[in-house]
Each structure stands twice: as structure tokens, then as C-alpha cells.
There are 2 protein chains.
Amino acid sequence: MQEPQKLKKSDRTRLAILTAAGTLFAQNGFDRTTVRDIAAEAGADPALVVRYFGGKEALFVQSADFSLGLEALPPIATSELGQTLAGHFLDVWEGERAGGLPVLLRSASSNELAAERMREIFGKQVAPFLRTYLPADQIPTRAALISSLLLGVALGRYILKLPPLVALTRQQIVSLIGQTLQTLAFGDIAGDKGETAVS
Amino acid sequence: MQEPQKLKKSDRTRLAILTAAGTLFAQNGFDRTTVRDIAAEAGADPALVVRYFGGKEALFVQSADFSLGLEALPPIATSELGQTLAGHFLDVWEGERAGGLPVLLRSASSNELAAERMREIFGKQVAPFLRTYLPADQIPTRAALISSLLLGVALGRYILKLPPLVALTRQQIVSLIGQTLQTLAFGDIAGDKGETAVS
DNA sequence: CATGTATATCAACAATCGTTGACTTTATGA
DNA sequence: TCATAAAGTCAACGATTGTTGATATACATG
């Protein structure tokens, strides 16, 4: 038997592979990451990837599994919804638990599997979160718009690395994106009957 | 000799290849598009792709060449900057000339070449456009934020195809994203000295 | 028609990919 | 100790990739 702390040998390499996969998928996306690279990074054999995870696609799905953690947020004043959301999103992205988010964003543009997971995560996690703050019929639209903004910022700052976006401090992003999220969440929607409301 | 209308035979297949490349790159991204697929779609031989364009990468670069066309926009009232920008961006994306934009967005997440082109285009086209409306020192930051929002919307609506985003009418998007762009362009930036300005 | 050039075709290359199955090594338990 | 199962190694497979060079066809010009 092994100490309760230590894992079984097989589970350790299993974890090593999963970790390596997370790193490489997040770095290079699904297509440009090879099973051989993952195995090398994990100090294991490519065959073990198949043995333990069933194949590259299945490993990717596991690597892309994560949560936005919105349900853990304490109740928020409506006027600070945007800032809180922006700050939380930055925390998730830059924190340890980010794992799956960069993985997905790197691959969602060219991989339908990743795109579907992305739709699912943002559809099923952002929308319920807005339940408290918005009328039910507006939620899907607002959730999608908010998700798009957050993904756009992540794309610009972490993937494309647009220099001015990288240079911004956390405080600046929270402030500006916070205001913007408020607009997206509570701004007027121009219906087909209504007039456009400017400024 | 050929009519001045018709192109030389070689230029016709050259164009066919370029068109096919645009379609497939925009549909599947760089990695998942093969030279053989492009040639098949164009009704040509894979070897011709190399002959006429020098290789897959060079063909991709040509396919991804495009302009946002911001310099052609007439002068805009400051209060309508966001709406105009949003509308124009939708036009570009859905118009014939969009070509390079979907191509880039599909590949920029996992292809450094595409990412660099994206940085260049948005850096060199959005920033100058804002010259008239914003103080010089704020332009790079605002341009990057605006670009991120636009890319996020494009990602959500055209790539991920988030259902609520796809369902929105042009008018609704212009209105909501317009307001949001106004916020991004003219909202307060919380400096390290200044206070955060909410609502 | 004959000749030379432009254009297109074809087969094949070397490399890389995910995956497989047989094999060896290591650990476990009676 | 010895038999059994777990864990890991290895070589190879079939498929696909971008690219190449030799060869064939079409076309213009003399």
C-alpha cells in the first residue's frame, strides 16, 4: 500500500499527462499539439495517452473541463455588477483554475468540439448568474453579449496580446470593462418597434 | 490574344485557387485546411498552389489580406461614433469584402502568423481612425479595447454562433454594441491616482 | 506545320500524425 | 518464492501532410 497522500503510480503519470496536455493545449491549441509532445512533456510514452484517456480528443475534452465559478460569487449590488464580473473573470483567467479556459479559447475558432463546449459553458453559467439582475426574457441575449465581450478581452489580452491591452493594470481593466459590462447588461435594446436610444 | 475582359488562363486558375483558399481558410482555419482541399475546390492540381503562391503559408497570407475600410467613413458626430462603427463592422463582416477577416479570426488563436497580422490590422487601422475623436495618449488603449469588443462580437456571432447573438437583428446589435463602444471610447479610465467612477 | 513556351498533370518523396498490439519491466499478494 | 496483474516500453501500422521534379498537354508564334 501507499501512503494516503501519495497516489498510485499509474495515477501520477495519468496526472502528469493531464497537466502536460493542459499546458500544451493552452499554448498551441488542439491541432498544433501532438500526442507525442504531450507524452514527452509528461515524461511518458505516447501509448499511455491512449491507454489512460482513450485518445487525443478525449484527453482534450478532459483538459477543457472547467467552471467559471460564478455561482460562488456573493450577492452584488446592481450598480457594481459589471466591475465584479470583470474582476472575477480576470481572476479566473490568471488563476490556477484557469486551465480549461485558455485551452478552449485557443481551439474554439477552428475546432467544433471546442466551440460546442464554449457555447455550453457560457450558455449554462453566465445566463443563470444574471437571473437575479435581469428580466428573464432578456437574459439569453445579455448573457451572450456579455460573454462575447469577456471573450473578446481575453482574446485581445491573452491570445493576441495586443500591446496596449497587455499593458493595462488590473484596476484599469476592471474599471473600463466594468462600465462596459454595465452598458451591455442594462443598456436599451432597440426593438423593431422602439426607437434607437443614443447616448 | 484574349479579350481585355477575360483573364489569361493561368490567372484564372490562380484566382480560382485564391478564392477557394479564402473560402476554406475562413471555414476551417489554417491547420484544418489542406492544400489538396483547396486545389480540389478550385478544380486544380495541388502542385499549382505551390507554383503560383509558393506554398501554403504564402497563400494564407494573401488570403488574409484585407482592409477594415475605416478611412472611407464620412465624418461622424462624436455621439454616434459607436453606432457607426458597429454598423460598419457588421457591413464589412457580412459583405463581399469580408474575406480576410473570417480567415484571420479562425486562425489567429492558434497561429502566430495570423495573430501578428491581426495585431497589425487592428493596430494600424483602428487607432488612426480614432485620431479625430480622442486625445492622442488615450488612442492605443481605446483602440485595443474597441478592437477586442468587435472581435468578441464577431467570435460570438460568426464563429461560435452563440444562438442569442445569431438571432439579434442588425438594428439591435448596432444599438447595443454602439452604446457599448461609446462607453469603451469615452468612459473614464481609472488611473493609479484617480478614483473609480461607477455608473 | 513546326517550335518553343506556358500551363497542367502525375507519381512519389520524406515527414509527421494518432493509434495499435506485442513485449518487458515492475509491483502485488498468496 | 512464485504466479498474477499492473504499468510502462517499443516498433510499427496506415493515413495524411506539404512539397518536388519529371512529364505530358495546350497554346501561341515563326
Side-chain angles (χ1 to χ4, degrees), chain A residues 1-22 24-25 27-64 103 106-107 110-114, chain B residues 1-22 24-25 27-64 103 106-107 110-114:
Chain A
M1 274 301 177
Q2 68 285 350
E3 315 285 318
Q5 305 211 11
K6 290 264 179 188
L7 303 93
K8 269 197 313 189
K9 182 99 184 292
S10 67
D11 285 337
R12 268 194 318 184
T13 64
R14 193 190 159 88
L15 190 69
I17 290 175
L18 194 59
T19 305
L24 294 181
F25 280 143
Q27 212 160 72
N28 309 320
F30 180 82
D31 291 318
R32 296 179 107 81
T33 301
T34 75
V35 172
R36 286 175 166 85
D37 287 343
I38 295 173
E41 171 87 11
D45 191 275
L48 293 180
V49 172
V50 179
R51 186 201 255 308
Y52 289 139
F53 296 91
K56 187 186 179 185
E57 278 217 346
L59 174 58
F60 178 80
V61 171
Q62 281 214 28
S63 302
V103 167
R106 278 270 187 216
S107 303
S110 55
N111 186 313
E112 182 51 31
L113 186 66
Chain B
M1 273 299 177
Q2 69 284 350
E3 312 289 316
Q5 303 212 13
K6 290 264 179 190
L7 304 93
K8 267 197 314 189
K9 182 99 185 292
S10 68
D11 285 338
R12 268 193 320 184
T13 63
R14 193 189 158 87
L15 190 69
I17 291 176
L18 194 60
T19 305
L24 294 181
F25 280 143
Q27 212 160 71
N28 309 320
F30 180 82
D31 291 318
R32 297 179 105 82
T33 301
T34 75
V35 172
R36 284 175 167 84
D37 288 343
I38 295 172
E41 173 87 10
D45 191 275
L48 294 180
V49 172
V50 178
R51 187 204 251 312
Y52 289 139
F53 296 91
K56 187 185 177 184
E57 279 216 347
L59 175 58
F60 178 79
V61 171
Q62 281 214 28
S63 302
V103 167
R106 278 271 188 216
S107 303
S110 55
N111 186 315
E112 182 52 30
L113 186 67

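All heavy atoms count here, side chains included; hydrogens, waters and symmetry mates do not. Letters A, B, ... are given to chains in the order of the sequence lines, protein chains preceding strands, and every chain is numbered from 1.
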One should read off an interatomic distance between B:L59 CG and B:Y52 OH, to the nearest 0.5 angstrom, of 13.5 Å

Is the shortest side-chain N/O distance from B:Y52 to OP1 or OP2 of C:dT7 below 4.0 Å? no

query: Can a side chain N or O of A:T13 be found less than 4.0 Å away from OP1 or OP2 on D:dG8?
result: yes

- Message: Any non-hydrogen side-chain atom of A:D31 less than 4.5 Å from a side-chain atom of A:S110?
- Response: yes

Ranking D:dA7, D:dG18, D:dC10 by distance to the side chain of A:D45, first place goes to D:dC10

Against the side chain of B:A47, the closest entry in D:dT9, D:dG8, D:dT20 is D:dT20

State whether the side chain of A:S107 and the backbone N or O of A:A114 hold a donor-acceptor pair below 3.5 Å, judged by distance alone. no

- prompt: What is the ring orientation for A:F25 with A:F60, classed by angle as parallel under 30°, tilted 30 to 60°, or perpendicular over 60°?
  reply: perpendicular

Provide, to the nearest angstrom, the distance between the [atom1] atom belonging to [X] and the [atom2] atom belonging to [N].
X	N	atom1	atom2	value
A:E57	C:dT19	CD	P	8 Å
A:R51	C:dT20	CZ	P	12 Å
A:D37	C:dT16	CG	C1'	11 Å
A:I38	C:dT16	CD1	C1'	15 Å
A:D11	C:dA27	CG	P	16 Å
B:I17	C:dA8	CD1	C1'	11 Å
B:F53	D:dG18	CZ	C1'	16 Å
B:L48	C:dA6	CG	C1'	12 Å

**Item:** Audit row: A:R36, A:V49, side chain to side chain contact (heavy atoms under 4.5 Å, CB included) steps and yes/no
**Value:** CA-CA 9 Å; A:R36 286 175 166 85; A:V49 172; over 6 Å; no

The answer to which of B:R36 and A:P46 contacts DNA chain C further toward the 5' end, by nearest nucleotide, is B:R36

Taking for A:K56 and for B:G43 the nucleotide of DNA chain C with the nearest heavy atom, the one nearer the 5' end belongs to B:G43

